[in-house]
Number of protein chains: 2
Amino acid sequence: MQRPARTITRIQRKNTAAILDAALEVFSAHGFRGATVDQIAKAAGLSKPNLLYYFPSKEAIHAALLDGLMETWLDPLRAMDEAGDPLEAVLGYVRRKLEMSRDFPRESRLFANEIIQGAPRIGPNLSGELKELVDQKAEVIRHWIEDGKIAEINPHHLIFSIWALTQHYADFDVQVHAVLGGDHVDPYPEAQRYLETLFTRLLTP
Amino acid sequence: MQRPARTITRIQRKNTAAILDAALEVFSAHGFRGATVDQIAKAAGLSKPNLLYYFPSKEAIHAALLDGLMETWLDPLRAMDEAGDPLEAVLGYVRRKLEMSRDFPRESRLFANEIIQGAPRIGPNLSGELKELVDQKAEVIRHWIEDGKIAEINPHHLIFSIWALTQHYADFDVQVHAVLGGDHVDPYPEAQRYLETLFTRLLTP
DNA sequence: GCCTGTTTTGACCAACTGGTAAAACCGACG
DNA sequence: CGTCGGTTTTACCAGTTGGTCAAAACAGGC
């Protein structure tokens with residue numbers, strides 16, 4: 001047994017952090033099966049057995065990453081509440097989600113890999129925690145529509161479209177850059193303007 | 001050397017087709033590295049050496065799939081031309097793209113896997129063939145805007161958003177179904193209505 | 001029923017994979 | 001100094017992986 005509950009040493013904190021960062025890099029770039037423990041260990045500056053001293057298995061590293069991610073990922077949606085101007089609330093959610101794509105593209109790709117491959121490890125979370133939160137927020141949106149504060153629209157698909165549009169810039173990053181030409185271009189400023197226009201036109205009654 | 005140019009026998013046609021179909025199934029579900037030749041062979045009803053009699057390597061099967069895919073994938077965009085009503089042209093493209101997500105989700109996921117993982121095998125195609133086509137179509141959209149036929153919008157990001165929104169229903173299929181509840185729900189009819197509304201409101205001057 | 005080219009198989013291999021065991025190392029503390 | 005917990009390394013293993021090869025089985029035209 002490793003990492004006895006005694007005390008968490010400085011070395012432990014540093015190494016587990018390095019491992020998780022390296023694992024994020026490798027898993028997000030190759031998927032679970034495509035990633036190897038050796039790759040992760042090398043990226044973390046450790047030997048394979050040393051890495052396995054901190055985490056019992058490859059599976060455990062992946063699980064640790066996904067666990068930490070789920071919450072962070074849903075926080076912006078939680079923050080979209082009934083108070084204030086509805087359009088501004090949606091635009092705020094879009095903006096925050098787009099910022100996450102810009103600042104945490106690896107996390108987005110980790111998630112995308114998991115979902116595309118059938119969500120074998122977080123399926124339950126999707127139809128549990130996630131569905132509940134989305135249903136709840138869809139209800140909020142429905143109220144806004146009923147009160148005539150935003151134009152009529154399908155709330156669930158509105159949320160899907162926010163996910164699709166914002167995550168696209170992280171997940172399909174290579175394609176976006178290839179199509180826009182030089183790699184020196186930062187697509188995000190224009191993406192934000194575009195998405196603000198899109199959702200404003202979509203939701204203005 | 002296999003598959004000598006002589007004549008393509010019935011068996012060859014049947015087996016290569018079975019292999020490509022099986023490979024599509026496996027690659028789209030696990031990514032390139034995550035897929036094994038044995039899996040593909042079993043799915044195609046062949047032994048591994050027998051499969052390798054038809055294709056020289058795992059790499060070659062994957063390449064054959066991607067080659068065939070690129071054209072099919074871009075066809076709907078090519079079909080979006082200057083003639084006719086601009087809004088109808090865009091909506092037609094959206095509709096066709098959404099149908100592809102519904103009818104060929106495996107192809108969509110194969111593509112998504114490749115791009116998310118950094119497009120190691122079709123990078124050149126993206127900044128070549130793809131970029132050219134997109135630039136050309138962006139020019140068409142720019143004309144529509146100049147002529148006041150549709151509202152002002154960034155053409156490149158408009159195309160990105162069509163990709164993102166339509167492919168989302170294939171690539172994130174599991175999530176969509178999980179959130180919408182029962183698996184017996186078909187999200188596509190509502191998705192089409194939603195996307196038509198979205199792009200109509202976005203582009204109507 | 002024989003012959004020629006095609007297809008399939010079984011046995012095999014070297015490299016890689018996730019994971020283990022045990023010994024060696026290291027710094028703190030008595 | 002010694003020793004004790006935490007840490008790292010070395011050596012190793014069994015299973016899997018992509019791929020090869022020679023020989024066997026099979027087709028179909030004569």
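Worth saying up front: this structure is predicted, and the values here are computed from it rather than measured. So you know, we letter chains A, B, ... as the sequences are listed, proteins then strands, and number each from 1.
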Sugar-phosphate only, base, or nothing, as touched by [X] at under 4.0 Å among non-hydrogen atoms:
X: B:A60; answer: nothing
X: A:A41; answer: nothing
X: B:T36; answer: sugar-phosphate

N/O (side chain, [X]) to phosphate O (OP1/OP2, [N]) under 4.0 Å:
X: A:Y53; N: D:dT8; answer: no
X: A:S57; N: C:dG18; answer: no
X: B:N15; N: C:dT6; answer: no
X: B:S47; N: C:dT9; answer: yes
X: A:Y54; N: D:dG6; answer: no
X: A:Q12; N: D:dT7; answer: yes

Exercise for the section: Fit a plane to each ring of A:H168 and A:F172, take the angle between them on a 0 to 90° scale, and name the class: parallel (under 30°), tilted (30 to 60°) or perpendicular (over 60°). Expected result: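 Parallel, since the angle between the ring planes stays under 30°.
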[X] [atom1] to [N] [atom2]: how many Å, rounded?
X: B:K58; N: C:dC16; atom1: NZ; atom2: C1'; value: 12 Å
X: A:F55; N: D:dT7; atom1: CZ; atom2: C1'; value: 16 Å
X: A:D38; N: D:dT9; atom1: CG; atom2: P; value: 13 Å
X: B:Q39; N: D:dT17; atom1: CD; atom2: C1'; value: 11 Å
X: A:I19; N: C:dG18; atom1: CD1; atom2: P; value: 14 Å
X: B:N50; N: D:dC26; atom1: CG; atom2: P; value: 13 Å
X: B:H62; N: D:dG19; atom1: NE2; atom2: P; value: 13 Å
X: B:K14; N: D:dA27; atom1: NZ; atom2: C1'; value: 13 Å

Handout entry: Any donor-acceptor pair under 3.5 Å from A:H177 side chain to A:D173 backbone
Key =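 It does hold such a pair.
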Handout entry: Check: A:T166 main-chain N/O paired with A:S101 side-chain donor or acceptor under 3.5 Å
Key =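 Yes: the side chain of A:S101 pairs with the backbone of A:T166.
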Practice task
Return the 5'-most residue of the pair A:R33, B:K48 with respect to DNA chain C, ranking by each residue's nearest nucleotide.
Solution key: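 Its nearest nucleotide lies further toward 5', so the answer is B:K48.
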Problem - Ring-face cation of B:R121 near B:F32 (centre distance under 6.0 Å, axis angle within 45°) - result: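 Yes.
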Handout entry: Distance (rounded to the nearest 0.5 Å) between A:H62 NE2 and A:L20 CG
Key =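 Rounded to the nearest 0.5 Å, the NE2-CG separation comes out at 12.0 Å.
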Exercise for the section: Let me know, please, whether B:V37 or A:P49 comes out on the 5' side of the other along DNA chain D by nearest nucleotide. Expected result: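 Residue closer to the 5' terminus by nearest nucleotide: A:P49.
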